[in-house]
Each structure stands twice: as C-alpha cells, then as structure tokens.
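Some notes on the structure that comes next.
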Amino acid sequence: MADASSGTPIRILMVEDNALDAELISLQLGRAGLPFTAERTWSHQGMVAALQGERFDVILADHVLPGFDGDAALALACEIAPDIPFIFVSGTLTEELAVKALKRGARDYVVKSRLQRLPDAIVRAISEAKERRRLLKVEAELRDSHQRMRLITDSLPALIAYFGRDHRYRFANLAYFEWHGREPQSLLGMHARDIVGDEAFEKMQVHLDQVLQGRRVSFETLSRRRGATPRHAQVDCVPEIGPDGAVMGYYAMARDISELKHAQSLLTASNASLEQQVAERTSALHRSESRLQALFESSFQHQNLLTLDGRIIDTNSASLAAILATKQDVHGAIYCESAWFAATDGVPAIVCQAVLDAAAGTASRHELELRLPTGKRAFEFSFRPLLDHQGKVTAVVSEAVETTARRQAEEALRQSQKIEAVGQLTGGIAHDFNNILTVIAGNVEYAQLLIDRLGDGAGNAGRALDNALKGVMRAANVTQRLLAFSRRQPLRNLPVDLNAQVSDMQDMLKRSLGELVQLEMLHSPDIWCVEIDPSQLEASVLNLAVNARDAMPEGGRLTIEVDNAHLDEDFSAQNPDVPPGQYAMVRVRDSGHGMSAETVARVFEPFFTTKEVGRGTGLGLSMVYGFVKQSGGHVLLDSAPGAGTTITMLFPRSSAPLPSSRPPEEPRRGLYQVLEDTTVLVAEDNDDVRAYTVETLRQLGYRVLEAHDGASAMRLLERTDVTVDLLFSDIVMPGMSGWELAKRALQHKPALHVLFTSGYPRDIDASGTVGRNIAILPKPFTRSDLAGSIQLALQDEAAGTAAGSP
C-alpha cells in the first residue's frame, strides 16, 4: 500500500473521459505535494482490464461517462476490488446522489469545483482502507485463536470453563453437554449456582473466594451428571490476573475421579482384593493398548514412533506399504537413513534435523517429494515430540499425509490457466492484425484492378502486387492459427466418424511423411460419433504427423489410433477443465527423439519451436490445442527424451448417429451482379477498415451509409427517411457488439439482411439471439470476397457461405 508520508507514489485508477478534467485533477494532486501515478480509463472494458492487471491504492471516478456511468463503475469496483477505496470526482453529483453513492460503498465524493479537497480525501480514504485491513486481520487472528482454544478444550473429557468475578459463565467446553445435557452456548451468562445447585455452590464458596484473592486452589466435590448418580470430581481453579494485578476472573477444570475414589475405597476396605484389582487394571490397560494399536494400524496416515536418537520403534501398515517392507525389516533402523528417504538426495539431512528438533521439544512440518520403491510420491511430514505426564519428551512421532494427487491437480490447473492467459493475448493480437490485413489486401487488390487496365506495360508491377497479396494471405493463415489456439475461430461442427475421417487422410499422410517413415493406422470397430469441424481435425492430424516426421529424421514408425475412452473422476481431479464422461480419441504416436520436461511444459505456447529458423512457425501444436479445447475436448501429451512422443486428442461423445458419408464440399463462389438501388449500412469501429469497405462498396455500385459504432448504426436504422437493405457489421465493437446490434435491428426491421465480419468473433454463442442463420465474412477479406458475400447475403443464401454459420 502506498503511503504519501513515506514518499511512495499513490497508484490511482482514474475513471474519467474528459482529458482536461483528468489534467486538472493531476495538477491539484501535484500542487498538494502528493506523489502519485495515474492510469486513466473511461469504459467498462478498460476498467475491468485495469483492475485485473494492476493493484491500485484508490479509484477516482466521474459520475457521468459515455456508454458507462459512475454507479456502474462503483458496482464494478465493489465486485472486482472491494478493498480499494472509491471516490467520486464529479461536477454533477448532488448531495442526494452522493449519499446514495456512500451507501453503495463509495468512500467519499468531491465536486470538481472544489478539487482542493481531493488530496486530503485521497489520503484519508487510503488511511481508512489500511486501518480496515488491519482490523480485519486482527479480527481473523482473534477468531482463529478462539477456534483453536475451542478445538483443544472440546477434545478433552474434563469440564473446562471461564467465570467472571460474579461467578457467571463466560466460556464452557463441549463436555458440559455430556455431564449436564446443556449446550455450551446456553450456559453463557448463567451463574455457577444454576448448574451445580445451591448446596454444592455453598460448599465451594470458600474455595472460590480464595481464587478471587489471586490463589490457585484444588478441591473435590460431588457433581450431578445427567442420568446418573452423583460423581466425584476434582476441581482445579486458576485466577486470571489483569495488568493492574487485580483478579479479572478465573478458569475452572473439573475431572471425573469417581473411579479413582472407588479404587481407593476398595483398597482401604480389603487388601485381599488387591491382586484382583491389579489384574483388572492390567487387563483394562491391555485393552486400551490394543485399541490404540488397532487405530495406529488402521490409519491411512503414515505413522512412525522413534527413539530420541532417531531409531524406529514402531511403524504402521500404511507406512510400510510405501516401501514394500515389514516391521522386522525396519525395526531399530535409523529413520533418516531408511528406505523412505535414502533414495532422495538431500532429504535424509532434513529428516535427521527434524527428528533432533522434535527430541528437543520443537515440532516441525515439511513438504517432501520422495523416490520410493513404489514410485515418486509427495508427502506432508510432521515431526513432534511425545510427552509423558510430567511433560518430558519420551519419544518422537513422525506422521505423513500423501499429497501426490493434490500436487498433480494444482500443477495441471496452473498449466491450464497459463495456456488460457496466452490464448486471450493471441486472440487480441489476431483481431488487430486481421483489421490491418483487411486494409492491405483490399488496397492491393484494387491496385491490381487499376494496373490490369494498363495492359502489358505494367507486368512487373502486377507481379509485385500478386506477391504482396500472397504475403497477405500467408499472414492471414498465421492469424487463423492464432485464433485456433485462442479458441476464437468459428467452427463448422458436424457429426464425424473418426475412423472414416482419418482413413481418408492415409494417402495424403504417406505423401507428407515420405519413404523413411512407416505409417500404421488402428481403428475401433465401434467408434462413437463426435461433433467437430472436419477440416480442423484434418489440419490437426496433419500438423501432428509432420511434427512426428521432423522428430524422426532417420526414419521410424508413426501410429495413428482411433478409439473410445471413458474419463473417470480421478482423471478429472487431475485435469479440472475436463469433465468426466465418454470421449472418442485420436492418438498420434511416434518413435522419434522425444522431448525434455522443459519443452513439454511450453510445447503448446504459440511461436514456441525447437526447430531451426525457417523450418517452422511454432503455431502447429498451439492450433491443435486451441481446436480441441474449443471443441470441448482435451489434449494429452506424453514424451521423454529417447522414448518418442504420444499426443492424444479427446473429443466428447455425441448423441448424433454416425454419418453415412462425408458431407459434400461447398460450392465455390462465382461472380455476382450488383443489385440496383441497394443501400448497405456499414458498422465498423476501425476507421481504416470502415473507409476501405465504404469506398469499395461504392465502387461496386452500392449506396453506402457508415457508422463508427452500434449506437450510431441504430440511430440511422430508426430514421424514417432512411432505407437500408443490408447491415454489414463488425462483431467486436465498443459499447454494443455486432450480435446485439443485429438483434435490435431485426426487431426494428424484420426484413433487413445481415452480414457480419470479424477479425475473431468473440462471444459467438451469443449469435443464437439474432434469430436466423448468420453469415460471417472473416477478416482479412479482399474486394472480391466482399462483393460475393454482400451479394449472397442480399439473396438470403448466407448459410454455408462466407465463413459459414457458426
């Protein structure tokens, strides 16, 4: 937390659309000598990104924002970062609105005409937030301390209570329910006489008076117990002395000693029964030891009892099973040198020190990863001293809980989160890159049309433009792979028979692998149907096959296996993003040189490659990963140096029947005529793409209207003097998305034709709300792509055109 008094800059998130007002605020803070750094935003998306990306000390927000308001900003701040103080800085905030804002969670408000209040308001809000966090921490520690005391006292069979000077209960443990049938909470505030009775309290009064004088006392009494005759109890009272030396109250503990009193009575009555009593006590002790031994042996924890010099006295079955040994094998052995630790470098020294510390009275805990005869496993070990009734350390107890499954699940979750974060980044890059490529491709194609009119004299320029357009298309292919990794590409999912789909690729794979690689295909006769994009599946299998070929430069065997798989709860526990259920799989296994653990950890990251420069883009496996994840599946990778690589793609089973044959190829788009008197409304937030699109459509002969966002487009559609035949809209726009614009536009004009475009269509599931088949023209698009897609959209042939229906 920044502190103005220490000179540490205060980190400010400024939600302000007016640059001048933001500058005035900064000047005022600088004039007050307040060190700060500020990040400014004025939109919902910008505020979310800022709060998720950085830690701020205070949020300053205007109350009136374009497409976004202060109340929404306050609600967003309370949801994402409730501990960051929120201050309204507005010129339109009335006292009534300010009071409402304070009730909703704002810490202060400052009108822009009195910005001189702002520095003090910021310092005060930060100081109050710091104090609130400190109080919350203290309260949490106090609750933890009280909970620990409650757990300890409730685990004891004795009555434990705390009384004030007025002999009224302030605390009572769970044993009161067993003794008196009363819940501990019901005793609070009650007088001790109400529980023990008037007669018993009068007898105890003399002892309690001594306690209130600051003395420790111990006495015996008869205690009534629920449903039983009165029992003898040993009562120990300890006064609590305050800082001023006065007695604030006292602790009382009562133990049932009826059996002891009875034994003393029997011993006094007859010495003849002494041997019998001893035998009975010995038998009871043996039974108790047997029960303890049974608990010891049946525990799932690994438990060992050690001497003070670290030799094994006893060990339970769970611990022995881990090293495939018997008690005779380990009895008397030095614990830190035993089979549990000997094979793991550095661990014996840690265990030896922990045993010595426990023998000296200090407990410790350790997270250890061990190489055992049963495999590599992780444990949480505790070493603690075993004390006798005099508090002397007599032995050392070692206990261990296996954490292997938990660690694997945590590591899988971290890897999944890392890949998801990289996917979000690559999706954004592809979006912006496709906008740039759209402008380049369109203008290159237009330049080609102009040069074609010059005839043979422009041959060199024409070839240069052809090469430029090919380069744009190659760049578009790279962005398509980025979209596949980030799971933002539109997929054309169809019922697929994996056997048939993979078999049809056999000839193509053989040509790609060459003569040195032997291809083997294994099929399942009862393969389940899956719903995926067939073309993306073929691209993924081909990518994996080419990677396998490169891993076998001197030749080898490539096996492609198609089969069914059932993922159980244990698999899902280690892979939290994959629900259990039935899946169909495609497994690609090679006999190549394999990969190291470091390479396996990064292999799905985009642009990561182990190939030399010019041999690969590093997008093949990332595209495979994104396609499988977007299809609801999972990718498994198993590889080690010298042991080859196995990659398994798992797809959820579909209830649809297996297709009888592959779907026919889509017809290629031909040449289209421009319909006369046709008006197209172009909604695009990127200025360059919008200018290129508008100019191209006008050259093609359309009447064109343009809007820089969804709200502007709706205003044009709602005008009675404007007729629009086709809405051509980007999907990703600030304020109102293309999906929402189309939905509202069709409600207003049901006969309106709609064509979407996008660098990548975020929230594609929302397209179901538009109410008809949706055509998407992917960016980048050329002049001919645009002309053909517009024509098909006007003829209501959108399904299966452009980029297909999502």
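As a basis for the values below, the full set of heavy atoms in this structure was taken, side chains included, without hydrogen atoms, waters or symmetry mates. Every value quoted in this text rests on a predicted model; they were computed, and no experiment measured them.
For the pair Phe379/Val401, no side-chain contact is recorded, criterion being any heavy-atom separation below 4.5 Å from C-beta on. Contact annotation: the side chain of Thr648 never approaches that of Val586 to less than 4.5 Å [non-hydrogen atoms, C-beta and beyond]. Contact of the Thr696 side chain with the Tyr692 side chain is registered, since non-hydrogen atoms from C-beta on lie closer than 4.5 Å. For the pair Met649 and Val541, the minimum side-chain heavy-atom distance is below 4.5 Å. The shortest side-chain heavy-atom distance between His593 and Pro641 does not fall under the 4.5 Å cut-off. Here the side chains of Pro580 and Asp568 are not in contact, with every heavy-atom distance at 4.5 Å or above. Contact annotation: the side chain of Val680 never approaches that of Asp725 to less than 4.5 Å [non-hydrogen atoms, C-beta and beyond]. Inter-residue side-chain proximity for Met552 and Ser591 is flagged as met; some heavy-atom pair is nearer than 4.5 Å.
For the atom pair CD (Gln582) and OG (Ser654), the distance works out to 11.5 Å, reported to the nearest 0.5 Å. With values rounded to the nearest 0.5 angstrom, Leu519 atom CG is found 13.0 Å from Arg549 atom CZ. Taken to the nearest 0.5 Å, the CG atom of Leu726 stands 5.0 Å off from the CG atom of Leu794. Atom NE2 in His753 sits 14.0 Å away from atom CG in Leu681 (nearest 0.5 Å). Here the straight-line distance linking atom CD of Gln747 with atom CZ of Arg744 works out to 8.5 Å at 0.5 Å rounding. Distance check: Leu498 CG to Ile532 CD1 gives 5.5 Å after rounding to the nearest 0.5 Å.
Here the two rings, on Trp528 and Tyr583, have centers that are 6.0 Å apart or farther.
Here the shortest heavy-atom pairing between Ala713 and Ala707 reads N-CB, 3.5 Å. The shortest non-hydrogen separation linking Pro495 to Pro657 is CB-O, 4.0 Å. Shown here for Val496 and Leu537, the closest heavy-atom pair between the two residues is CG1-CD2, 4.4 Å. Of all the heavy atoms in Glu684 and Arg690, the pair that sits closest is O-NH1, 2.7 Å. Taking all atoms of both residues into account, the shortest heavy-atom contact from Leu752 to Ala745 is CD2-CB, 3.8 Å. Closest approach of Val588 and Ile560 over heavy atoms only: CG2-CG1, 4.4 Å.
The side chain to side chain contact (heavy atoms under 4.5 Å, CB included) search around Ser503 returns His523, not counting sequence neighbours. In this structure, the salt bridge (charged side-chain N to carboxylate O under 4.0 Å, His left out) partners of Glu380, at least two apart in sequence or on a different chain, are Arg365. In this structure, the salt bridge (charged side-chain N to carboxylate O under 4.0 Å, His left out) partners of Arg557, at least two apart in sequence or on a different chain, are Glu520. Residues meeting the side chain to side chain contact (heavy atoms under 4.5 Å, CB included) test with Asp563, sequence neighbours left out: Ser524, Glu561, Met585. Scored by the side chain to side chain contact (heavy atoms under 4.5 Å, CB included) test, Ala545 finds Leu509, Leu513, Leu558 as partners (sequence neighbours excluded). For Val48, the side chain to side chain contact (heavy atoms under 4.5 Å, CB included) test picks out His44, Gln52, Leu76, Ile80, with sequence neighbours left out.
For the side chain to side chain contact (heavy atoms under 4.5 Å, CB included) criterion with Ser789, the lone passing option out of Leu755, Ile776, Thr757 is Leu755.
Inspection of the Thr646 and Arg589 side chains reveals no N or O donor paired with an N or O acceptor under 3.5 Å.
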Tell me, with the steps shown, if Val754 and Phe728 meet side-chain contact (heavy atoms from CB on, under 4.5 Å).
CA-CA 6 Å; Val754 178; Phe728 181 53; over 6 Å; no

Candidate pair Arg783 and Leu700, rule side-chain contact (heavy atoms from CB on, under 4.5 Å), full reasoning:
CA-CA 9 Å; Arg783 179 187 180 93; Leu700 291 172; 4.1 Å; yes

Check step by step if side-chain contact (heavy atoms from CB on, under 4.5 Å) holds for Val682 and Leu697.
CA-CA 10 Å; Val682 177; Leu697 290 176; 3.7 Å; yes

Going through the checks in order, is the side-chain contact (heavy atoms from CB on, under 4.5 Å) test met by Val628 and Leu650?
CA-CA 7 Å; Val628 176; Leu650 293 163; 5.9 Å; no

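Within 6.0 Å of CZ on Arg371 lie no more than 12 heavy atoms contributed by other residues, nucleotides or ligands.
No donor-acceptor pair closer than 3.5 Å links the side chain of Asp685 to the backbone N or O of Pro734. Judged by distance alone, the side chain of Asn686 and the main-chain N or O of Val689 form a donor-acceptor pair under 3.5 Å. Counting only distance, with no hydrogens or angles, the side chain of Asp590 and the backbone of Gly644 share no donor-acceptor pair below 3.5 Å.
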